[in-house]
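Working notes, beginning with the structure itself.
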Amino acid sequence: MHGSESGSEPGAAGGSGVDHAFLALERELAVFLRRARANSGEMAREVHPELEAAAYGLLVRLESAGQQRATDLAAYFGVGKATMSRQLRALEDLGLVAREPDPADGRAFLVRLTPDGLDRYRTVRDARRERYVRKLDDWDRAEVAELARLLHHLNARAED
């Protein structure tokens with residue numbers, strides 16, 4: 001059936017004023033996000049016992065996008081410069097990231113993962129990926145690919 005559970009047009013609320021498809025989406029995303037936050041904390045501690053959960057995302061971004069300016073990282077995550085500076089300083093103190101002058105602008109710095117930071121991050125990422133493989137081992141590969149595609153589409157919309 002297309003549209004809401006009541007069988008009305010797509011996006012319609014169906015006489016009750018409630019679009020059940022969007023209610024279900026909101027409920028499932030809330031559960032997913034709650035679990036994701038808890039998992040980020042666990043993964044952060046696996047990278048380093050003193051790593052904050054919020055800083056784990058910085059490792060993900062730096063590994064996927066390469067070295068970045070702190071201002072670009074702050075914009076990507078939607079946080080202020082002070083918050084980003086504090087998180088980067090903590091990562092630097094743990095030896096997970098390093099700053100070096102930006103050759104394009106001597107006043108700015110580029111942040112990159114250190115070899116130790118990269119090794120630690122990849123070890124945790126690979127273990128997490130294995131957990132996903134085990135949890136979804138009864139899914140068809142096309143379903144996994146479709147979930148990834150839909151999540152990418154949702155994430156892309158969030159950047160707008």
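The line from CG of Leu73 to CG of Leu88 is 6.0 Å long, rounded to the nearest 0.5 Å. Atom-to-atom distance recorded for Leu51:CG and Leu91:CG is 5.5 Å, nearest 0.5 angstrom. Distance check, rounded to the nearest 0.5 Å: CG of Asn155 to CG of Leu151 gives 6.5 Å. Remark: Leu62 CG to Gln67 CD distance equals 9.5 Å, nearest 0.5 Å. Here the CZ atom belonging to Arg125 is positioned 9.0 Å from the OG1 atom belonging to Thr123, to the nearest 0.5 angstrom.
A 4.5 Å side-chain heavy-atom check between Arg120 and Leu96 finds at least one atom pair inside the cut-off.
Qualifying side-chain contact (heavy atoms from CB on, under 4.5 Å) partners for Asp119, counting only residues two or more places apart in sequence or in other chains: none. Contacts of Glu46 classified as salt bridge (Lys or Arg N to Asp or Glu O under 4.0 Å), with partners at least two apart in sequence or in another chain: none. Considering only residues two or more places apart in sequence or on other chains, Arg122 meets the salt bridge (Lys or Arg N to Asp or Glu O under 4.0 Å) condition with Glu63. Remark: Arg86 pairs with Glu52 by the side chain to side chain donor-acceptor pair (under 3.5 Å) rule, at least two apart or across chains. Checked against side-chain contact (heavy atoms from CB on, under 4.5 Å), Asp137 has no partners two or more places apart in sequence or in another chain. The side chain to side chain donor-acceptor pair (under 3.5 Å) search around Asp93 returns none, not counting sequence neighbours. By the side-chain contact (heavy atoms from CB on, under 4.5 Å) test, Arg149 pairs with Glu146, sequence neighbours left out. Residues that satisfy the side-chain contact (heavy atoms from CB on, under 4.5 Å) test with Val79, not counting sequence neighbours, are Ala74, Phe77, Thr83, Met84.
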Identify all side-chain donor-acceptor contacts of residues 99-111 below 3.5 Å with residues at least two apart in sequence or on another chain.
unit_1, atom_1, unit_2, atom_2, d
Arg99, NE, Glu92, OE1, 3.0
Glu100, OE1, Arg112, NE, 2.9
Asp102, OD1, Ala104, N, 2.9
Asp102, OD2, Arg69, NE, 2.8
Asp102, OD2, Arg69, NH2, 2.9
Asp105, OD1, Arg107, N, 3.0
Asp105, OD1, Arg107, NE, 3.1
Asp105, OD2, Arg107, NH2, 3.3

Side-chain donor-acceptor contacts of residues 22-32 below 3.5 Å, not counting sequence neighbours, with atom names and distances?
none

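Val60 and Val47 fall within the same hydrophobic cluster, where Ile, Leu, Val, Met, Phe, Trp and Tyr residues are linked whenever their side-chain heavy atoms come under 4.5 Å apart, directly or through other members.
Here the closest non-hydrogen pair linking Ala44 and Ala53 is CB-CA, 3.8 Å. Gln68 approaches Gly66 most closely through the heavy-atom pair CG-O, 3.1 Å.
In this structure, Arg45 contributes its side chain and Gly41 its backbone to a donor-acceptor pair below 3.5 Å. Using a distance-only test at 3.5 Å, with no hydrogens or angles considered, no donor-acceptor pair links the side chain of Thr114 to the main chain of Ala98.
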Given side chain to side chain contact (heavy atoms under 4.5 Å, CB included), test Trp139 with Leu147 step by step and report yes or no. CA-CA 11 Å; Trp139 285 35; Leu147 177 59; 3.8 Å; yes
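Note on residues 43-69: pairs passing ring pair (Phe, Tyr, Trp, His ring centres under 6.0 Å), not counting sequence neighbours, are Tyr56-Tyr121. Residues in residues 34-43 take part in no side chain to side chain donor-acceptor pair (under 3.5 Å) pair, two or more places apart or across chains.
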